[in-house]
Amino acid sequence: MPELPEVEIARRLIAGQALHRRIADVDDSDSYVVRPHAPGELRNALTGRSLAAAHRRGKTIWLETSPAGGTAAAGGPELGIHLGMSGRIVVTAPDGSVTEGGDPRYGNRPDKAQWRRFTITFADGGSLVLLDPRRLGRIWLDPDIAMLGPDAGHVTSAQFRALVTKGKIAVKARLLDQSKIAGIGNLLADEILWQAKVSPLARADSLSAAQVNRLYRALKSVLESASAKGGAHTGEIFAARHRGGTCPRDGAPMVHGTVGGRSTWWCSREQALPVDQPNPV
Ligand SMILES: [Zn+2]
C-alpha cells in the first residue's frame, strides 16, 4: 500500500515530468474512481489546461492547473489524487520513455490494460496514467485538504503530543487517523510502534511522556529511512510480518491481531500491553 514515502515519490514524478504540458484529452470514464464526479466532468474541466504545480499532504496529492485561455484568465480547478491501496502514477514523456512512482511492484506481474483507471493525454503525445489493480484509488476535483491533519513529515513534537495522547482509542488507531496526522499507513504505524517499543493496543491517554517522545523520534527516523530506501515495505519488521515471524531485535515471537481495523504485528515481549490496562479494542 502506498504510504507517505511512496506518495511523495509519485508527487515528485509528477512535479518533475508532467507539469506545463498541454492536456489534449482525459479518460475519466471510470465513474467509481472519479466519484463523486460524472464521467466527462474532469475531462471538461481539464482539457486545454496544463498541470501547474504538484503538492502533497499525507497520502493526498493535489495538482494546480493553469488557465485554459490567456494568462489573464483565472487558474483552473485543483486535481486531487489518492493512490488508495495499490495505485501507481505512470508518466510517459513525449519520446515514449516511461517513469512510474507509487505502490511498489511486488514481484514481476505484468500490468494489465484494465488497471488504467484514469488517463491524461498530453498534446505532446505523452500521458499521465493512474494504474491501480485494486481500484481503490481516487481522482477528484478541488480536494478538501483542510480535512487532513498536519503531514507526518512536518508535524512538530508539540503537535504530535497533543494529537496522539487524547482519548481511550488504541494508539495505533490514532496514528492511522488521517484527520489527526496525515500520511501514516498500516506498515509505517507498526514500524513506528515497534521502534518505540509501544504496544499498538496501548490507550492513547495512557502513554507516558517517555513513550510519546520515543514514538515521535521513531516517526521521524522511520519516515527518513523509508524515504531513503524507497517505501514503507523497507521497514525492519516487514520480513517478520507472518506467522512464526520473530522480532529482529530480541527474537521473541511476533504477535498478530486487528487494531484500528488493520492487520497488525508486534513483538510479544517488548510491546506487551501493561497488565493494568484494559484492552481498548
Ligand atoms: Zn522484540
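None of these values were measured; they are calculated from a predicted model. Note that ligands are numbered from 1 as they come in the structure, with each ligand's atoms numbered from 1 the same way.
Between Asp111 and Arg116 there is no salt bridge, since no side-chain N of the basic residue sits under 4.0 Å from a carboxylate O of the acidic one. Between Arg43 and Asp27 there is no salt bridge, since no side-chain nitrogen of the basic residue lies less than 4.0 Å from a carboxylate oxygen of the acidic one. Using a cut-off of 4.0 Å between Lys/Arg side-chain N and Asp/Glu carboxylate O, Asp250 and Arg269 are scored as salt-bridged. With respect to Glu8 and Arg12, a salt bridge is recorded, a charged nitrogen being found less than 4.0 Å from a carboxylate O.
Within Glu270, OE1 is the N, O or S atom that lies nearest to the Zn ion (ligand 1). Closest to the Zn ion (ligand 1) among the N, O or S atoms of Asp250 is OD1.
Between the SG atom of Cys267 and the SG atom of Cys247, the angle centred on the Zn ion (ligand 1) amounts to 120° when rounded to 10°.
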